[in-house]
Structure formats: structure tokens, C-alpha cells
Amino acid sequence: MNILVADDDKEIVDLLEIYIRNEGHTVLKAYDGQQVLDQMYETDGIDLMVLDVMMPKKDGIQVVKEVRQSSQVPILMLSAKTTDVDKIKGLVNGADDYVVKPFNPLEVMARIKSLLRRSTAYSQASHVADELEVGPLIIRKDSHEVVTVDGVPIQLTALEFGILHLLANNPNRVFSADEIFERVWQQESVVSAKTVMVHVSHLRDKIEKATGGEKVIQTVWGVGYKIKNR
């Protein structure tokens, strides 16, 4: 796997490079936001990005916005900012996960492995029960595609697709934020409610935009989320 690590602190990049290479992956390095975009356009097949929020030239949030215009590559954000607003800002703009500095490199590697597993699972999924039709949506598991019944494609990240497929494959069942986090992120739930909430909100926005306002995912207040069997 090709993993791009971007941070203006060279020591952090070098530290993560050691851990990532020990897992057998190739590491690409960048030290500002513009270098990230240049690498993306010049390199064939980046499988995951680790981006610092505070970088020169273009910060991590700007980079995520631009990357998401053409790619659904998994993105893990790093930041010294610890407030919920900062985390949510990164997630809303298209990041998949968030780690606060100072961090344990083993935690970063656990998040990287989880994102890669999720991305690989959908790209290599079996053709069994490949296609689900839920309301205005057609969900194709093996190709990681979602289109409306009118043929309008909806571009989702691997985690957004995971949430949608989980709910669609279990109609009428309510999943708590903790359950969604543990099943989709494939990690033990740790302060996950806001992370799941942001991804569900982003997913809803994309569905409503493509379908003319259809409310596919329902919130069961105080419990979790579900998709009704129509």
C-alpha cells in the first residue's frame, strides 16, 4: 500500500514512516499542503493519506476539500487542536478519522490499519448479496457504488458507504453510535458518538442532494439510526 504522510514537523513524518514501513507499506512524504496535492496528481495509486491540520501553503482542511473533489482515498487527520469543533470541521470536510497530538504512534497505526481494512473490504467484497435497493437508492457492495434509481451516482467515502450498507442491510434495526463505530471503523468504541454523527450528517446531505431531499436515514432520538424497510 502507498501511504502519504504530511506534516510540517519532519520528526513526526520520520517517526510515522518507521512504523508504516514496518507494516510493509510504502511511504510518500510531504511537508506542506501543496506538496500533498502535487503528490496526489503525480503518483499513481495513493491508498491512504495522513494529514496534519496546520501546514504551510495550504492547511489540512483545504487539502481535504480539494482531494475530495476527485478522490475518496481514506484520510486520517492529525492535529494539536483538541476541541470538538476542530474535529468536526475536519470530518465534515471529508476526513475519515482524527487523532489528536501528542499521539501514540501505535494508536495512529491502529487507525491506519482500520481504514485500510475498511477500504480493502469494499474493493474486494464478494458478489454475494451484491445489490441492495433501499427507497431511492441502489447500493452495490462489490463495486462500492451507490446510485439513485434514476441513475445519479453518489460519491461516498469508504466509511460513509460502510454506514449506509450496514443500515440498509439491516432494515428497521436501530444501531447506536457505538455499534456503528465498532462495526464500520472496526475498532472498540472510544468517544465515538460525535464522529459517527458527523459522518451520518455528511452521508445524509449527499443522499438528499442526489435524490431531491429524500430522508433515507432516520434518527431514533436517544437510541441511534436506522433505515426503514419500504
Please check if [X] and [Y] belong to a single hydrophobic cluster, counting links between Ile, Leu, Val, Met, Phe, Trp and Tyr side chain heavy atoms closer than 4.5 Å.
{"X": "Met54", "Y": "Leu51", "value": "yes"}
{"X": "Val13", "Y": "Val108", "value": "yes"}
{"X": "Tyr31", "Y": "Val27", "value": "yes"}
{"X": "Ile163", "Y": "Ile138", "value": "no"}
{"X": "Leu166", "Y": "Val174", "value": "no"}

Say you draw a straight line from [atom1] of [X] to [atom2] of [Y]; how long is it, rounded to the nearest 0.5 Å?
{"X": "Leu28", "Y": "Glu17", "atom1": "CG", "atom2": "CD", "value": "9.5 Å"}
{"X": "Lys58", "Y": "Gln34", "atom1": "NZ", "atom2": "CD", "value": "5.0 Å"}
{"X": "Leu78", "Y": "Met55", "atom1": "CG", "atom2": "CE", "value": "9.5 Å"}
{"X": "Ile139", "Y": "Ile154", "atom1": "CD1", "atom2": "CD1", "value": "9.0 Å"}
{"X": "His25", "Y": "Ile112", "atom1": "NE2", "atom2": "CD1", "value": "7.5 Å"}
{"X": "Gln69", "Y": "Gln155", "atom1": "CD", "atom2": "CD", "value": "13.0 Å"}

For [X] against [Y], the heavy-atom pair lying closest together:
{"X": "Leu167", "Y": "Tyr225", "value": "CD2-O, 3.7 Å"}
{"X": "Ile227", "Y": "Val216", "value": "CG1-O, 3.7 Å"}
{"X": "Val196", "Y": "Ala177", "value": "CG2-O, 3.5 Å"}
{"X": "Ala6", "Y": "Val36", "value": "CB-CG2, 3.3 Å"}
{"X": "Ser79", "Y": "Tyr98", "value": "CB-OH, 3.1 Å"}
{"X": "Asp32", "Y": "Gln35", "value": "OD1-N, 2.8 Å"}

For this session: I would like to know whether Val63 and Ile75 meet side-chain contact (heavy atoms from CB on, under 4.5 Å); could you show each step before the answer?
Result: CA-CA 10 Å; Val63 172; Ile75 297 175; over 6 Å; no
Exercise. side-chain contact (heavy atoms from CB on, under 4.5 Å) between Thr148 and Ile207: does it pass, once the steps are laid out?
Worked result: CA-CA 9 Å; Thr148 69; Ile207 292 172; over 6 Å; no
For this session: For Ser71, enumerate each residue passing the side chain to side chain donor-acceptor pair (under 3.5 Å) test, keeping only those at least two apart in sequence or located in another chain.
Result: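 Once residues adjacent in sequence are excluded, Ser71 has no partner under the side chain to side chain donor-acceptor pair (under 3.5 Å) criterion.
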Are [X] and [Y] ion-paired here, with the side-chain N under 4.0 Å from a carboxylate O?
{"X": "Lys101", "Y": "Asp7", "answer": "yes"}
{"X": "Arg204", "Y": "Glu208", "answer": "no"}
{"X": "Asp97", "Y": "Lys113", "answer": "no"}

Does any N or O in the side chain of [X] come within less than 3.5 Å of the main-chain N or O of [Y], such that one atom is a donor and the other an acceptor?
{"X": "Asp150", "Y": "Val152", "result": "no"}
{"X": "Asp59", "Y": "Val53", "result": "no"}
{"X": "Arg68", "Y": "Val73", "result": "yes"}
{"X": "His202", "Y": "Gly94", "result": "no"}
{"X": "Gln72", "Y": "Ala158", "result": "no"}

For a 4.5 angstrom cut-off between non-hydrogen side-chain atoms, does [X] reach [Y]?
{"X": "Glu66", "Y": "Met40", "answer": "no"}
{"X": "Leu48", "Y": "Met1", "answer": "no"}
{"X": "Ile61", "Y": "Met77", "answer": "yes"}
{"X": "Leu115", "Y": "Leu159", "answer": "yes"}
{"X": "Asp9", "Y": "Asp52", "answer": "no"}

For this session: Output all residues satisfying side chain to side chain contact (heavy atoms under 4.5 Å, CB included) with Asn104, sequence neighbours left out; order by chain, then residue number.
Result: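 Listed in chain order: Leu106, Glu107.
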Exercise. How far apart are the C-alpha atoms of Leu4 and Thr43, what are their side-chain angles, what is the distance that settles it, and do they pass the side-chain contact (heavy atoms from CB on, under 4.5 Å) test?
Worked result: CA-CA 10 Å; Leu4 188 151; Thr43 304; over 6 Å; no
Go through the structure and list residues passing salt bridge (charged side-chain N to carboxylate O under 4.0 Å, His left out) with [X], not counting sequence neighbours.
{"X": "Asp47", "answer": "none"}
{"X": "Lys209", "answer": "none"}
{"X": "Arg140", "answer": "Glu131, Glu145"}

Problem set entry | Sequence neighbours excluded, every pair satisfying salt bridge (Lys or Arg N to Asp or Glu O under 4.0 Å) that has a member inside residues 155-175 |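 For residues 155-175, and leaving out neighbouring residues, the salt bridge (Lys or Arg N to Asp or Glu O under 4.0 Å) pairs sorted by first residue read Glu160-Lys206, Arg173-Glu179.
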Exercise. Given the rule in the side-chain contact (heavy atoms from CB on, under 4.5 Å) test, do Ile3 and Leu116 qualify, once you have shown the distances and angles that lead to the verdict?
Worked result: CA-CA 10 Å; Ile3 298 177; Leu116 289 175; 4.1 Å; yes
